[in-house]
Amino acid sequence: MPSVLVTGGAGYVGSHACKALAAAGFTPITYDDLSTGHRDLVRWGPFEEGSVGDGERLSSVIARHRPVAVLHFAALSLVGESVRDPARYYRTNVASTLTLLEAMRRHHVEAMVFSSTCATYGLPDRVPITEDTPQRPINPYGWSKLMVERLMADHGSAYGLQWAALRYFNAAGADPDGETGEDHEPETHLIPRALLAAAGAMPAMDLFGADWPTPDGTCIRDYVHVDDLARWHVQALVHLLSGKGSLALNLGTGKGWSVRQVLAAVERVTGRPVPIRMAPRREGDPPVLVADPSRACALLGAEARITDMETIVETAWRFLKGRRVQPERKVM
Ligand code: UDP
């Protein structure tokens, strides 16, 4: 079976992608420094511990496993932290990716699928967001991802790299079989925080602003199920390996949900109220981010299979209950 190097394969989207790769007949080689990833979520292929900034270690792993391509997830991803410590973000997300691209060139690995983000669009003038929307990030995290898109494009023109920049909207949910899921420390994302608050594992969840110019006053996001995201990574990989050309694609569903709509789904699924504390708007939050997914649909056939918020929340809840909610506090 052809091998694929998966940086960050012990993380949230990366581990789901490993499962999808294995199901499609690839051997995922997880390369992860475990700074935020989890060893027990590496279940679908070999594990190699290492940092993406360590060119020698990368070279030896690539020489041993001879991957046909790289899926590159390893990165720091907290917007607020990137504002406070941009140097760390540029080193980890940008400089390390250059090291990875150099190791790939040395070993003639010519395809890379990269987890980019809708944060590269900053505050868009119009929604839904197409890929032609100007990319004007408003924080170092978004810039670091945009810089990697540029690195890949230039490596494509000069050295023949085949690349895919997959700009995710809000990755959400967990593997429907419960084999992997989202486990961040600290957890900053809406759905797991609302679930933790409903389970009593957190006193209350801050709701960042109810005075936005949206129908119910709360922010609207496009929540895309991680199982769909994982499958689309494999489809992008197959597209590149069959010589169909490089890609920049939005990965979303085209449907927006307000924070209050998400909270209502969490209450229905858990059967418990979500204790809320009203908080000021979070800096850098655009009011509405929704993808126009037509290009991904046309080029990859990337139709979302899970678009119902309750199903998204149910999968997240199943995983979280088994992992983060302490037994004495478990509510089943
Ligand atoms: N949000 C919130 N309370 C939280 C976490 C998130 O009100 O504890 C809101 C946040 O302001 C945004 C939406 O939920 O409007 C989704 O936030 P998340 O951090 O999950 O993803 P982001 O859109 O920032 O990538």
Side-chain angles (χ1 to χ4, degrees), residues 11-13 36 73 75-83 89 93 115-124 127-129 137-146 166-174 181-226 229 250-253 255-267 273-291 309 312-313 315-317 319-320 324:
Y12 175 37
V13 186
T36 56
F73 296 95
L76 298 171
S77 60
L78 299 179
V79 168
E81 192 177 74
S82 81
V83 174
Y89 271 67
N93 292 3
S115 48
S116 189
T117 166
C118 64
T120 58
Y121 296 114
L123 299 168
V127 285
I129 300 172
I138 55 165
N139 51 59
Y141 166 67
W143 275 113
S144 72
K145 291 285 182 173
L146 183 55
L166 303 183
R167 300 174 188 151
Y168 316 160
F169 283 64
N170 287 56
E182 183 169 20
D183 185 359
H184 294 121
E185 190 55 54
E187 185 52 75
T188 62
H189 292 117
L190 175 64
I191 294 175
R193 283 182 68 79
L195 288 169
L196 288 167
M202 207 170 73
M205 196 204 83
D206 285 336
L207 198 166
F208 298 131
D211 57 350
W212 293 94
T214 59
D216 69 14
T218 63
C219 285
I220 293 176
R221 294 288 181 274
D222 182 337
Y223 295 89
V224 50
H225 196 274
V226 65
L229 272 184
N250 289 341
L251 296 187
T253 67
K255 179 165 174 41
W257 302 87
S258 74
V259 173
R260 285 204 193 280
Q261 287 175 317
V262 172
L263 295 178
V266 168
E267 293 189 339
V274 179
I276 289 295
R277 195 168 46 208
M278 294 312 298
R281 292 179 177 191
R282 191 173 63 174
E283 205 182 329
D285 263 347
V288 182
L289 289 175
V290 175
M309 183 49 70
I312 292 177
V313 170
T315 59
W317 180 226
F319 182 75
L320 196 82
R324 283 286 290 275

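Both ligands and their constituent atoms are indexed starting at 1 by order of listing.
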(message) Side chains of Glu81 and Tyr141 only: does a donor on one sit below 3.5 Å from an acceptor on the other?
(response) no
(message) Quick one: does any side-chain atom of Asn93 pair with a main-chain N or O of Ser144 as donor and acceptor, under 3.5 Å?
(response) no
(message) Keeping His225 on the side-chain end and Ala174 on the backbone end, is there a donor-acceptor pair under 3.5 Å?
(response) yes
(request) Among all protein heavy atoms, pick the one closest to atom 5 (C) of ligand 1 and tell me residue, atom and distance. (result) Thr188 O, 3.5 Å
(request) Check each atom of ligand 1 against the heavy atoms of Met205 and keep those under 4.0 Å away; list them by number with element. (result) 3 (N), 8 (O)
(request) Output yes when a side-chain donor or acceptor of Arg221 lies under 3.5 Å from a complementary backbone atom of Phe169, and no otherwise. (result) no
(message) Please list the nearest protein heavy atom to atom 7 (O) of ligand 1 with its residue and the distance rounded to 0.1 Å.
(response) Phe208 N, 3.0 Å
(request) Determine whether the side chain, the backbone, both or neither of Arg221 has a heavy atom under 4.0 Å from any heavy atom of ligand 1. (result) side chain
(request) Look at atom 3 (N) of ligand 1 and say which protein heavy atom is nearest, naming residue and atom and giving the distance to 0.1 Å. (result) Asp206 O, 2.7 Å
(request) Nearest 0.5 Å please: distance from the CG atom of Leu190 over to the CZ atom of Phe208. (result) 9.5 Å
(request) Go through the side-chain N and O atoms of Asn139 and Tyr89 and say whether any donor and acceptor fall under 3.5 Å apart. (result) no
(message) Keeping Asn250 on the side-chain end and Ile129 on the backbone end, is there a donor-acceptor pair under 3.5 Å?
(response) yes
(request) Have a look at ligand 1 and work out which part of Asn170, if any, has a heavy atom under 4.0 Å from it: side chain, backbone, both or neither. (result) side chain
(request) Pick, from His189, Glu187, Arg193, the option with the minimum heavy-atom distance to atom 8 (O) of ligand 1. (result) Arg193
(message) Checking a contact table here: which protein heavy atom is nearest atom 9 (C) of ligand 1, and how many Å away?
(response) Val259 CG2, 3.9 Å
(message) Among Ile191, Asp222, Leu190, which one puts a heavy atom closest to atom 20 (O) of ligand 1?
(response) Leu190
(message) I'd like to know if the side chain of Arg281 reaches the main chain of Asp211, judged simply by a donor and an acceptor atom lying under 3.5 Å from each other, with no hydrogens or angles considered.
(response) yes
(request) Enumerate the atoms of ligand 1 whose separation from the nearest heavy atom of Cys219 is less than 4.0 angstrom. (result) 15 (O)
(request) Can you sort out which atoms of ligand 1 are near Asp285, meaning under 4.0 Å from one of its heavy atoms? (result) 10 (C), 11 (O), 12 (C), 15 (O)
(request) Within a distance under 4.0 Å of any heavy atom of Leu207, pick out the atoms of ligand 1 and give their elements. (result) 7 (O)
(request) Around atom 17 (O) of ligand 1, find the nearest protein heavy atom and jot down its residue, atom name and distance. (result) Arg282 NH2, 3.5 Å
(message) Quick check on contacts: which atoms of ligand 1 are under 4.0 angstrom from a heavy atom of Tyr223?
(response) 13 (C), 16 (C)
(message) For the backbone of Ser77 and the side chain of Lys145, can you confirm whether one donor and one acceptor N or O come within less than 3.5 Å of each other?
(response) no
